[in-house]
Amino acid sequence: MAHLIKAQPFDFQIDLSRTALIIIDMQRDFIEPGGFGESLGNDVSKLAKAIQPCRDLLEAARNTGLLVIHTKEAHAADLSDCPPAKRLRGDASLRIGDPGPMGRILIDGEPGSEIITELAPLPDEVVLVKPGKGAFYNTSLKDILDNKNITQLIFAGVTTEVCVQSTMREANDRGYECLLAEEATQSYFEEFKASTLDMIRAQGAIVGWTAHVTDIVSSLQGEV
Ligand code: TIU
């Protein structure tokens, strides 16, 4: 059934039977102290604002029966999927694979790689481990979406200009219509978040649409 969601740069016509919610990398390594995000010099408390809006979206998506996909940026324990160029970049205090207070940094299966408890996946939801910033790179995401006839994607998660934007651009090039939930995404840099939203919806939705979480939730609930 088609619904209209109030969005920018113009309303988003959503077909709930062909829509998935993708929550990007709401994992301890980015949101809690002692993980990858902090090791890069970031103030991780800035991401907390996205948690409740993500919960609201997740609850609405579950009630509506949407396909829900949670992603995690994480690498294999032997680092075989982590290019040295990624591991050695910059002057991080802890590098990918180093032991930290939440286990080895950005390694799948370590406590830091877990999705935060507020957004814990249900057993029937997809948890996609991705080695890159974009969720299509070296993952089965396209197959998962194709097998469910998904053509529209609602995005939430962190960080707006890195993994969320990379994934939206990958999805847009693959023919998906992408809607970013504004309050449910966050960056360590407020100005980067604002610019990313502008870039996405510029030029007649060149990458996709943005909408407020309240407008998405009311549309999912059939209130508009
Ligand atoms: N550093 C930063 O802003 N983000 C990442 O490294 N990964 C994700 O955005 N998930």
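Below, each value reflects all heavy atoms present in this structure, side chains not excepted, and no hydrogens, waters or symmetry copies. Atoms within a ligand are numbered from 1 in the order they appear, just like the ligands themselves. As the structure is a prediction and not an experimental result, all values here were calculated from the model.
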Colleague: For residues 16-35, which residue pairs pass the salt bridge (Lys or Arg N to Asp or Glu O under 4.0 Å) check, not counting sequence neighbours?
Modeller: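 For residues 16-35: Asp25-Lys130, Arg28-Glu32.
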Colleague: Using a strict cut-off of less than 4.0 Å between a Lys/Arg side-chain nitrogen and an Asp/Glu carboxylate oxygen, indicate whether Lys49 and Glu183 qualify as a salt bridge.
Modeller: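 Not counted as a salt bridge, because no side-chain N and carboxylate O are separated by less than 4.0 Å.
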Colleague: Using a 3.5 Å distance criterion without hydrogens, assess whether the side chain of Asn42 forms a donor-acceptor pair with backbone atoms of Val44.
Modeller: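 Answer holds: no.
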Colleague: Is Val158 close to Met26 at the side-chain level, that is, under 4.5 Å between some pair of heavy atoms?
Modeller: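 A side-chain contact exists here, since the closest heavy-atom pair is under 4.5 Å.
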Colleague: Could you go through ligand 1 and list every pair where one of its N or O atoms sits under 3.5 Å from a protein N or O, giving the atom names and the distance to one decimal?
Modeller:
residue	atom	partner	partner atom	Å
ligand 1	3 (O)	Thr159	OG1	2.9
ligand 1	4 (N)	Thr159	OG1	3.4
ligand 1	6 (O)	Lys133	NZ	2.9
ligand 1	7 (N)	Glu73	OE1	2.9
ligand 1	9 (O)	Thr159	N	2.9
ligand 1	9 (O)	Thr159	OG1	3.2
ligand 1	9 (O)	Cys163	N	3.1
ligand 1	10 (N)	Asp25	OD2	2.7
ligand 1	10 (N)	Val158	O	3.2

Colleague: Do the non-hydrogen side-chain atoms of Gln165 and Val207 ever get within less than 4.5 Å of each other?
Modeller: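 When only atoms from C-beta onward are counted, Val207 and Gln165 do not touch, as no gap falls below 4.5 Å.
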Colleague: Do Lys142 and Tyr176 have side-chain heavy atoms sitting under 4.5 Å apart?
Modeller: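 Lys142 vs Tyr176: side chains touch.
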